[in-house]
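Report on the structure given below.
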Amino acid sequence: MPWYVVQTKPRQERVAEENLSRQGYHCYLPRIKIIKFVRNREVIQLDPLFPGYVFFQPAHAEHSIAPVRSTLGVLKIVRFGEEFAVMRPKTLENIRQFEMQQHATQYAELTPIKPGVVVRVASGPLAGLEGLVSSISEKRVVVLFQLLGQDTQVRLSPHQLKLAG
């Protein structure tokens, strides 16, 4: 059975996925780990790899795709002219492999703040100072500053830092 593509209403990928599944379709919404700021804290969450799109497949050959157009969360079935957009199985398998590899990544691989990068303190008593990232973990970043003529290591929360430049 072919895999089709639906365009969803804005930020309703999960709604469309859930409602298509309830109707018996096989659904696939690839997600990736990203870092977002929620209430001044960094949070790792899963967001759609292709915002606004969900892949679906009829459960069997007689399963019509006509009801998909009126499914809650779905805007339309993607077409190229008169032909429905269909995903090749190999392409979907590559997306699944990428998704699994990306889900295995650690925090340090997701953040743009890495050892050796120059950062600027965005908040707190050191706001405005620039320094060099020495090491990083999920909770703390060690930054090397030139303070009073000396190199000084300061541990800061990642949400307090921005890339310099």
Side-chain angles (χ1 to χ4, degrees), residues 1-115 117 119-124 133 135-141 156-165:
M1 295 298 305
W3 282 87
Y4 298 96
V5 183
V6 293
Q7 184 177 8
T8 67
K9 293 179 180 173
R11 290 174 296 288
Q12 291 196 20
E13 298 89 356
R14 289 183 181 103
V15 171
E17 177 188 34
E18 183 178 311
N19 287 303
L20 287 168
S21 293
R22 277 193 202 137
Q23 295 175 48
Y25 297 100
H26 303 288
C27 297
Y28 177 46
L29 174 58
R31 295 174 174 101
I32 58 170
K33 273 183 174 178
I34 64 163
I35 297 173
K36 282 198 172 178
F37 287 95
V38 178
R39 295 185 188 109
N40 281 339
R41 290 189 49 224
E42 279 187 325
V43 176
I44 296 175
Q45 66 183 41
L46 294 175
D47 269 8
L49 177 61
F50 304 108
Y53 295 93
V54 173
F55 305 113
F56 78 97
Q57 180 184 52
H60 48 79
E62 293 79 36
H63 196 182
S64 173
I65 64 170
V68 171
R69 290 178 287 203
S70 60
T71 299
L72 191 63
V74 171
L75 186 62
K76 65 183 178 182
I77 301 173
V78 178
R79 294 175 171 246
F80 297 112
E82 294 297 313
E83 298 290 319
F84 289 110
V86 177
M87 294 297 295
R88 286 182 263 156
K90 182 64 176 161
T91 303
L92 278 177
E93 182 56 34
N94 289 340
I95 292 169
R96 287 182 201 275
Q97 287 177 356
F98 170 78
E99 183 182 24
M100 286 189 304
Q101 290 172 348
Q102 204 272 342
H103 285 201
T105 59
Q106 300 300 315
Y107 173 82
E109 297 172 67
L110 295 173
T111 181
I113 297 172
K114 301 190 182 310
V117 171
V119 292
R120 177 178 290 118
V121 181
S123 63
V133 175
S135 65
I136 184 168
S137 72
E138 198 165 334
K139 303 288 184 200
R140 294 282 174 230
V141 178
L156 298 166
S157 180
H159 77 272
Q160 292 179 279
L161 302 172
K162 302 279 184 227
L163 293 177

In Å, rounded to the nearest 0.5 Å, how long is the span from CD of Glu99 to CZ of Arg31?
-> 8.0 Å
Kindly indicate whether the side chain of Asp47, heavy atoms from C-beta on, has any atom under 4.5 Å from the side chain of Lys36.
-> yes
Tell me, yes or no, whether the heavy-atom count around Glu109 atom CD, taken from other residues, nucleotides or ligands under 6.0 Å, exceeds 12.
-> yes
How far does NZ of Lys76 sit from CD of Gln7, to the nearest 0.5 angstrom?
-> 5.0 Å
Check the pair Leu46 / Lys33 against side chain to side chain contact (heavy atoms under 4.5 Å, CB included), numbers first and verdict last.
-> CA-CA 5 Å; Leu46 294 175; Lys33 273 183 174 178; 3.8 Å; yes
Shortest non-hydrogen contact from Lys114 to Thr111?
-> NZ-O, 2.8 Å
If you measure from NE2 on His103 to CD1 on Ile32, what distance do you get to the nearest 0.5 Å?
-> 8.0 Å
Hey, what do you get for CD1 (Ile44) to CG (Leu110), rounding to the nearest 0.5 Å?
-> 5.5 Å
Arg14 with Glu18: basic N within carboxylate O range, under 4.0 Å | no
Atom CZ of Arg11: over 12 foreign heavy atoms under 6.0 Å = no
Main-chain N/O of Thr8 paired to Glu13 side chain as donor or acceptor, under 3.5 Å = no
Exercise: identify the closest heavy-atom pair between Pro67 and Gln23 | CB-OE1, 3.7 Å
For His26 and Pro58 the tightest heavy-atom approach is CD2-O, 3.8 Å
Are any of the side-chain heavy atoms of Ser157 and Lys139 separated by less than 4.5 Å?
-> no
Does the side chain to side chain contact (heavy atoms under 4.5 Å, CB included) test come out yes or no for Leu49 and Gln102, once each step is laid out?
-> CA-CA 11 Å; Leu49 177 61; Gln102 204 272 342; over 6 Å; no
Measure across Pro112 and Val117 and return the closest heavy-atom pair with its distance rounded to 0.1 Å.
-> O-CG2, 4.3 Å
Hey, does Thr71 have a side-chain heavy atom less than 4.5 Å from the side chain of Val6?
-> no
How long is the span from the CD1 atom in Ile77 to the CD1 atom in Ile65, to the nearest 0.5 Å?
-> 4.0 Å
pair Lys9-Val15: side-chain heavy atoms closer than 4.5 Å | no
Would you say the side chain of Ile34 lies within less than 4.5 Å of the side chain of Gln45, judging by non-hydrogen atoms?
-> yes
Where do Pro158 and Ile113 come nearest, in terms of heavy atoms and distance?
-> O-CD1, 4.3 Å
Scan Tyr28, Phe84, Trp3, Tyr25 and name whichever one has a ring pair (Phe, Tyr, Trp, His ring centres under 6.0 Å) with Phe56.
-> Tyr25
Distance-minimising heavy-atom pair for Ala66 and Ser64 | N-OG, 3.0 Å
What orientation do Phe55 and Phe50 show, parallel under 30°, tilted 30 to 60°, or perpendicular over 60°?
-> perpendicular
